[in-house]
Amino acid sequence: MVKMKKLDLMTENEFQLISVKDAVVDFVKESGIQNGVVFIITAHTTSSIMVNENLKCLYTDIEATLEQMIPTVHDYAHSHFLPSYGATGGNAPGHLKSMLCGNHAVFPIQDGEIQCGMAQDIFFAEFDGPQMRHYFIQVQGE
Amino acid sequence: MSMVIDMHVHPGFYEKISEDKEEIAFRKKEMGWDLMSTFPVELTRTQMKFAGVDKLVLLPLDLTTKQGGCVVTNEEIRKMVDIAPDLFYGFASVDPRREDAAEVLDHAFRDLKLMGLKLNPSKQEFYPSDPIMDKIYKKCLEYNKPILFHAGMSWDTDCLMKYARPLEFESVAVRYPELRMCLAHFGWPWIFETAAMILKYPNVYADTAMLYMDSPEQFFSDVFTRQLGRLWVDNNLADKIMFGSNNPRFRTARIKRGLESIDWRPETKEKILGGNAMKFLNLEEKCNG
């Protein structure tokens, strides 16, 4: 059995980590699936789904480390006029951060419960905000 | 500290005025906004808060005689201002070739209370010095409303850049010295003509809504500190340049970030980010008195 839900959120900053764990836990329960896996998947190319500990100091370190690796201003080839958008690509760093952090996370489900480690939170990671964003929760199992 | 005002915003995808799919298709075709999509005003509010911007100046474009429609009407601009008066100032537009152009402006300024006029010589196919424009300029003077002209390059294939070279506006600046006008996009690529115009004529301003080809930081640094001399803006042009983004083509926050990265004096940045717009929009007296 497969069950899926699409969720919306509005981000408020260029870089932002938003916990979506409660929504995932709730949908796993709602799905009725007892044993299987749950996927959390972003619908975009300048955001990610990230698993980490929910500490403000780690937010700071994650942002600073990504900025150090992928600076906001750099000689990006993507920064040119894109006729298909009618705009100059201004979000190359968002694309590259998304590539590094990945588009999804996956967790096991056992006896109807998501199996997370004690420190594990699930984040929608914004790298190109503020924007309207969407992500999917898909539960597969029986 | 002055308000921070983005002088150049096209509200083509605001949900409250984007319910008609045919209208959206028309806007996309006319403006080359192919892959963009609609969004709620709450996102605009959030983006402005993130950017540290107080007001957006919303610009429509009347293409009635050439294309049979408007890229956002004057009434839709009024509607957006009414929905969020804390966020928006509204401009009007009129197709100068409309027989009822003067009446359209009377309605826009007198009834809709719009704050200025947006014209695009390239898209609307007129030279600024064409005699058909005199009735438009006189109407703006009658209501003490400024004009924001598209100037410089046009991306669209169906409009010619020759109509919007900065020097084409010179005779208008001379004949109507009380008419405040802005050469949008800094007249790029004719930035030296624009610099001369805003240096010479007290009634001529320019905005920063340039089509950058790298990043806002790199582009503004090239234009304002290398192509133009390093001190030209600080020492000569600081009172005549206004922050404009050309949103949604370019994000307000990124253009502001690029301008803030330039090594200008703090008072120059304050003028460019909002102080000059207050003068241009005739808000100084209202705020001070």
Side-chain angles (χ1 to χ4, degrees), chain A residues 6-18 20 42-47 59-60 63-64 66-98 124-136, chain B residues 10 12-15 27-53 71 153-157 188 209-222 245-258 260-262:
Chain A
K6 182 181 181 185
L7 295 99
D8 308 322
L9 50 84
M10 183 171 72
T11 59
E12 297 177 347
N13 287 294
E14 188 154 26
F15 172 89
Q16 191 175 1
L17 298 177
I18 300 171
V20 296
T42 178
H44 309 281
T45 56
T46 56
S47 64
Y59 290 22
T60 302
E63 180 175 15
L66 288 171
E67 177 65 26
Q68 194 173 30
M69 296 170 74
I70 303 167
T72 299
V73 181
H74 186 61
D75 293 346
Y76 297 111
H78 181 56
S79 301
H80 70 102
F81 196 81
L82 300 159
S84 56
Y85 278 88
T88 299
N91 58 359
H95 284 286
L96 298 176
K97 289 171 185 175
S98 174
F124 182 93
E126 173 65 88
F127 303 129
D128 188 25
Q131 292 206 60
M132 300 302 303
R133 295 301 207 174
H134 314 287
Y135 66 99
F136 302 98
Chain B
H10 301 283
F13 297 100
Y14 289 10
E15 276 180 356
R27 294 173 191 173
K28 287 185 175 186
K29 174 177 170 289
E30 291 303 323
M31 302 301 281
W33 291 330
D34 295 348
L35 294 180
M36 297 183 187
S37 52
T38 61
F39 51 85
V41 73
E42 290 76 19
L43 178 61
T44 302
R45 187 183 298 279
T46 300
Q47 290 175 333
M48 289 171 68
K49 184 179 176 188
F50 165 71
V53 171
V71 178
M153 178 181 171
S154 292
W155 186 258
D156 300 349
T157 52
W188 192 90
M210 282 178 267
L211 186 161
Y212 63 86
M213 291 186 282
D214 27 44
S215 71
E217 287 84 350
Q218 291 164 317
F219 195 81
F220 288 138
S221 179
D222 282 340
S245 69
N246 204 2
N247 185 316
R249 218 180 276 291
F250 307 110
R251 287 194 205 170
T252 293
R254 293 197 173 131
I255 295 296
K256 179 169 177 268
R257 193 186 71 204
E260 288 174 328
S261 74
I262 305 297

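Below, chain A is the first sequence line, B the second, and so on; all start at residue 1.
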Side chain to side chain contact (heavy atoms under 4.5 Å, CB included) between Q16(A) and F50(B): does it pass, once the steps are laid out?
CA-CA 12 Å; Q16(A) 191 175 1; F50(B) 165 71; over 6 Å; no

Apply side chain to side chain contact (heavy atoms under 4.5 Å, CB included) to residues W155(B) and F81(A) and explain how you reach the verdict.
CA-CA 10 Å; W155(B) 186 258; F81(A) 196 81; 3.0 Å; yes

Check step by step if side chain to side chain contact (heavy atoms under 4.5 Å, CB included) holds for R257(B) and T72(A).
CA-CA 11 Å; R257(B) 193 186 71 204; T72(A) 299; 3.5 Å; yes

Does R254(B) form a side chain to side chain contact (heavy atoms under 4.5 Å, CB included) with N91(A)? I'd like the steps, not just the answer.
CA-CA 10 Å; R254(B) 293 197 173 131; N91(A) 58 359; 4.0 Å; yes

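Put simply, the side chain of T88(A) does not reach to within 4.5 Å of the side chain of R249(B), judged on heavy atoms. Contact check for P40(B) versus M132(A): side-chain heavy atoms found under the 4.5 Å cut-off.
Annotation: the span from M213(B) atom CE to S79(A) atom OG amounts to 12.5 Å, rounded to 0.5 Å. To the nearest 0.5 Å, the span separating OG1 on T11(A) from CG on L43(B) amounts to 7.5 Å. Here the CD-CG distance, from Q47(B) to N13(A), works out to 11.5 Å after rounding to the nearest 0.5 Å.
When heavy atoms are compared at a cutoff of 4.5 Å, P216(B) does not approach chain A at all. Only the side chain of M10(A) comes within contact range of chain B, with at least one heavy atom under 4.5 Å from a heavy atom of that chain. Using a 4.5 Å cut-off between heavy atoms, H74(A) contacts chain B through its backbone alone, with no side-chain atom that close. Contact annotation for E217(B): only side-chain heavy atoms (C-beta onward) come within less than 4.5 Å of a heavy atom of chain A.
Ranked by non-hydrogen atom pairs under 4.5 Å with chain A, the options M31(B), E42(B), K28(B) are led by E42(B).
We find that R251(B) and E14(A) are not joined by a salt bridge, their nearest charged nitrogen and carboxylate oxygen being 4.0 Å or further apart.
Of all heavy-atom pairs between A87(A) and M36(B), the closest is CB-CE, 4.2 Å. Taking each heavy atom of S215(B) and V73(A) in turn, the nearest pair found is OG-CG1, 3.9 Å.
In this structure a side-chain-to-backbone donor-acceptor pair under 3.5 Å is missing from T46(B) to E12(A).
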